[in-house]
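Input: a single structure, listed below in structure tokens.
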Amino acid sequence: MQALEHPASAVAADLHSHSTVSDGVLTPREVVERAAGHAVELFSLTDHDEISGLAEADATARGLALPFVHGVEVSVTWAATTVHVVGLGIDPDHRPLQQALSRVRNGRTARARQMAEGLAAAGIEDAYEGALRFVRNPELISRTHFARHLVETGVCRDVRDVFRRYLVAGKPGYVPHQWAELTEAVSWIADAGGVAVLAHPGRYRVGDLRLHELVREFKEAGGTAIEVVTSNHSADQMRRFARMAGEMELEASRGSDFHGPGEAENVELGAVPPLPPGLIPVWHRFL
Ligand code: AMP
Ligand code: MN
Ligand code: MN
Ligand code: MN
């Protein structure tokens, strides 16, 4: 017998997005205004390793009567793989979280300089300075900013092309980096009153066994949900992670991972499929 759908399923939630405070192109205010304009009913701004955009986003959301969830996306290194953990419902004034995120951000500048050296060795000069022109938060220079620079200067056709040719493991602009530990990231989020969501699991280039291991460790660490629906999941991946959420007794999240208009083809705020049936939407906690 099919269980009744959880009532929260009907709410158009978008619980993953970025602003200029990390590697998005719109300000926190603009992102929230755009979400409201795209019929989002429950929204979260989840900048990488940074929560300084939440006050502006929250104030904008209040003005628009758009229910808002304080969020963050923490960079984690798990078994030499970069994994992202979204924290939802965190208290942005929680000092230990602020300090922990500051430590995670620390090191991005040195990493970016090394990336530029790698690119210079491949014949691309002054990429650091070029990337900086796209950076709005000096503590948060990311690969995305390099990608925008290489597109603007005509080295690559689009951001996807830059990553493929220059910014992933084995390519000249890639520099391995040690981010937070999985267990500590989940604890920071929980201690700040939030719930941890394993972001876009379909993106991790690890085999089935490793992925199960990751999800198991995530849950053991206190993780609450898997991001089942996100713009870079195929229909197959959504089905697969829906099944995994059910089997592992984890709740499910939904988010566009929007970075800006035209930034990735067809990615728009709120414009991702509904959750597959039979799951517990993590956002029942925020309604
Ligand atoms: P960083 O935190 O500096 O390692 O940058 C990670 C960001 O790069 C992600 O949050 C995405 O926004 C972007 N990114 C990673 N891989 C890709 C890809 N293959 N295509 C486009 N953007 C990507
Ligand atoms: Mn990003
Ligand atoms: Mn991510
Ligand atoms: Mn993201």
Side-chain angles (χ1 to χ4, degrees), residues 13-28 31 34-35 40 43-54 57 69-78 81-88 90 101 104-105 108 111-112 115 131 134-137 139-151 158-160 162-163 167-168 173-174 177 179-180 182 185-186 189 194 196-206 211 214 218 223 225-233 237 241 253-265 267-272 282:
D14 187 339
L15 302 177
H16 189 154
S17 69
H18 298 274
S19 75
T20 45
V21 152
S22 63
D23 60 350
V25 299
L26 303 180
T27 63
V31 178
R34 193 176 178 98
V40 172
F43 186 62
S44 185
L45 178 67
T46 55
D47 276 305
H48 298 287
D49 310 318
E50 179 65 275
I51 53 180
S52 66
L54 295 178
V69 177
H70 291 110
V72 66
E73 182 173 18
V74 183
S75 308
V76 162
T77 303
W78 179 82
T81 302
T82 298
V83 163
H84 287 171
V85 176
V86 163
L88 297 174
I90 48 157
L101 294 176
V104 178
R105 287 194 299 275
R108 274 189 179 267
R111 169 193 187 234
M115 287 173 59
F134 292 87
V135 172
R136 294 294 165 267
N137 175 358
E139 289 188 27
L140 217 126
I141 180 161
S142 87
R143 284 186 289 163
T144 312
H145 301 111
F146 281 87
R148 290 184 187 137
H149 167 62
L150 295 193
V151 171
D158 55 30
V159 163
R160 190 178 293 264
V162 185
F163 273 89
L167 300 182
V168 293
Y174 184 78
H177 194 74
W179 304 103
L182 178 66
V186 173
I189 291 164
V197 180
L198 185 66
H200 45 61
R203 254 179 115 124
Y204 309 135
R205 295 281 154 263
V206 298
L211 198 64
L214 168 63
F218 169 75
I226 302 185
E227 196 173 62
V228 171
V229 172
T230 173
S231 54
N232 54 48
H233 276 176
Q237 286 173 321
F241 294 115
S253 193
R254 172 182 190 259
S256 61
D257 205 0
F258 177 81
H259 281 71
E263 183 66 9
E265 267 177 291
V267 176
E268 186 50 81
L269 287 164
V272 281
V282 68

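As the structure lists them, so they are numbered: ligands from 1, and atoms in each ligand from 1. Just so it is clear, the structure is predicted and the values come from calculations on it, not from any experiment.
- Checked by atom type and distance alone, the side chain of R254 never pairs as donor or acceptor with a backbone atom of D14 at under 3.5 Å.
- The only option from T46, N137, D47 that meets the side-chain hydrogen bond (donor to acceptor under 3.5 Å, both in side chains) definition with S22 turns out to be D47.
- The Mn ion (ligand 3) has E73 OE2, H84 ND1, H200 NE2 as its protein N, O or S neighbours under 2.8 Å.
- The Mn ion (ligand 2) is closest to atom OD2 of D23 (considering only N, O or S atoms).
- In terms of heavy-atom proximity, I226 sits nearest to P201 at CG2-CG, 3.6 Å.
- Counting all heavy atoms, side chain and backbone alike, Y174 lies closest to V168 at CB-O, 3.3 Å.
- Residues satisfying the side chain to side chain contact (heavy atoms under 4.5 Å, CB included) criterion with V151, sequence neighbours excluded, are V159, V162.
- H84 pairs in a ring-ring contact (aromatic ring centres under 6.0 Å, His included) with only one of the listed residues (H200, H18, H16), which is H200.
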